[in-house]
Number of protein chains: 2
Amino acid sequence: MVRAMATSKRVAAAREPTAPPATDTRQRIIQAGLAVLTRGEPFSLGEIAREAGISRQALYLHFDSRVALAVAVAQYSDELFGVEQALAPVREATDAPSLLRAQARFVTKYNERLYPVVRMADALRQTDPDMAAPWEDRLAARRAGGRAIAARLDQWGALSDEWTVETAGDWICALASVKLWEELVIDLRWSKERFARSLEQQLCSALLRTPGEEAPTAVAHSAKGTGKKSRA
Amino acid sequence: MVRAMATSKRVAAAREPTAPPATDTRQRIIQAGLAVLTRGEPFSLGEIAREAGISRQALYLHFDSRVALAVAVAQYSDELFGVEQALAPVREATDAPSLLRAQARFVTKYNERLYPVVRMADALRQTDPDMAAPWEDRLAARRAGGRAIAARLDQWGALSDEWTVETAGDWICALASVKLWEELVIDLRWSKERFARSLEQQLCSALLRTPGEEAPTAVAHSAKGTGKKSRA
DNA sequence: TCCCGAACTTGACATGGTGTCAATCTCGCG
DNA sequence: CGCGAGATTGACACCATGTCAAGTTCGGGA
């Protein structure tokens, strides 16, 4: 193949995402991996290599193992989707209903896009301990995201009394899971629109204080209220 | 294969679960499979054979393939759990809150017990088309269960206006999914008690008409009301 | 009593995937 | 020129699934 020089591995790590010439082999492998993963399933390394136009053995010049490649593909897929940008509406929401609406829309798009990758990662983590750690990281990030939403709801006095910030965050995280999305959209054939709509509604009815109840400023029975329990 | 006579397979199928002498090899294999599956993961046929005290090749005298064994294990696991009996409180509930409470408790117990089996089946169905059909069957059964609950809520006039029986049924089905249970109980370390409590609460807040609203007998704005839309 | 057939055994083998190793090729650059 | 990075071909070990063949054990029926 081409490549050569002090280019390639070191460069790939340092390359900014703004330079997509993709002449880099490592990058080509990752893209091939994503392509193979996205269509169908079986996921054989030989297939990815063929797709990338290199020999199977060359994969091992760039990745220690199947899992390392999978992790790289997952990360690339994340970057490609642009989580940061997609999350902007969620971060910028200024009231509870629009926050939850933004979250529902984000979740719908994100899960649709990341579904094949998460699927594979989930399958791999069962058999491969090396996949467990990255998986945990992602889970922690999702959990933190859910908790951040719950914390803002709580700050606004919008969080229903039955929740703590922690439990509400976990529930938000669970409802945002690819698995729930898969169950409804893939297995039960829901349309994305219906999923988004239902998720929004359910987030609202699950989390939000019902309008008729105590005002956010009023500290009622126990130690509930505005600053419920922001961290342990 | 060998198979022949009216013995063996036929006998295994016809044997009542009340006779546990376990002299039947097929049954021993299934039990070994469940045991291996329940602890840890890797799931190698050789291991199951060793656990069952027979040679690896003897597995093929009883099961055509890995998938056939897996299906048998899943079915056995179901019988062992006693779904019918465990579902009794759900079937016998006479009001909406206790129905949803019974459902939440059933789901918690069932998912905890069936988790390893479902895990394996889900992994297998990705690569093995033979697993897809049994999976679909189970999904259809779960969906029907969810829909039955939704229909009863609707009959009682307890189902919130935003739902049809179909969509509510699917939502119940999705919240009953092993995957949601896994996310919360396994990955996020929720206790079973907390899961059961939250699930019950969330089923209620998601599905039930809020107390202040229109009475069940009153047919309000559109064509909603008691007999919402029992089938398409 | 003998023997048939069912169930199981051992052992070998094909296939296909992962991961490793060694030898070779090809460039660009110092 | 020759080094060295990246890539190639080819071979190999290992393991899991699935198949095949031949032999063993044992119970029950003719």
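Every chain is numbered from 1 and lettered A, B, ... according to where its sequence line falls, protein lines coming before strand lines.
Taking 4.5 Å as the limit, some side-chain heavy atom of B:Leu45 sits within range of a side-chain heavy atom of B:Leu69.
Look at CD1 on A:Ile29: it is 12 Å from P on D:dG6, rounded to the nearest Å. Rounding to whole angstrom units, CZ of residue A:Arg26 and P of D:dA5 are separated by 17 Å. Regarding B:Arg50, its CZ atom lies at a distance of 14 Å from the P atom of C:dT9, rounded to whole Å. Distance, B:Ile48 CD1 to D:dG18 C1': 15 Å, rounded to whole Å. Distance A:Phe63 CZ to D:dA7 P: 11 Å, rounded to the nearest Å. Rounded to whole Å, atom P of C:dC25 lies 18 Å from atom CG of A:Leu61.
Atom CZ of B:Arg101 sits in a sparse spot, with 12 or fewer heavy atoms from other residues, nucleotides or ligands closer than 6.0 Å. For B:Arg189, the CZ atom sits in a loose shell: 12 or fewer heavy atoms of surrounding residues, nucleotides or ligands are nearer than 6.0 Å. Within a 6.0 Å radius of CG in A:Asp64, other residues, nucleotides and ligands contribute 12 heavy atoms or fewer.
A salt bridge links A:Arg125 with B:Asp187: at least one charged nitrogen is closer than 4.0 Å to a carboxylate oxygen. With respect to the salt-bridge test (charged N to carboxylate O, under 4.0 angstrom), the residues B:Lys179 and A:Asp122 do not qualify. Taking the charged nitrogens against the carboxylate oxygens, A:Glu84 and A:Arg91 do have a contact shorter than 4.0 Å, which makes a salt bridge.
Rounded to 10°, the angle separating the first-five-pair axis and the last-five-pair axis of the helix from C:dT1-D:dA30 to C:dG30-D:dC1 equals 30°.
Here the closest heavy-atom approach between residue A:Met131 and residue A:Ala121 is recorded as CG-O, 3.6 Å.
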Nucleotide by nucleotide, nucleotides 15-20 of chain C touches protein heavy atoms under 4.0 Å in the pattern (B base, S sugar-phosphate only, - none) ---BBB
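Taking side-chain N and O atoms only, B:His62 has a distance below 4.0 Å to OP1 or OP2 of C:dC8.
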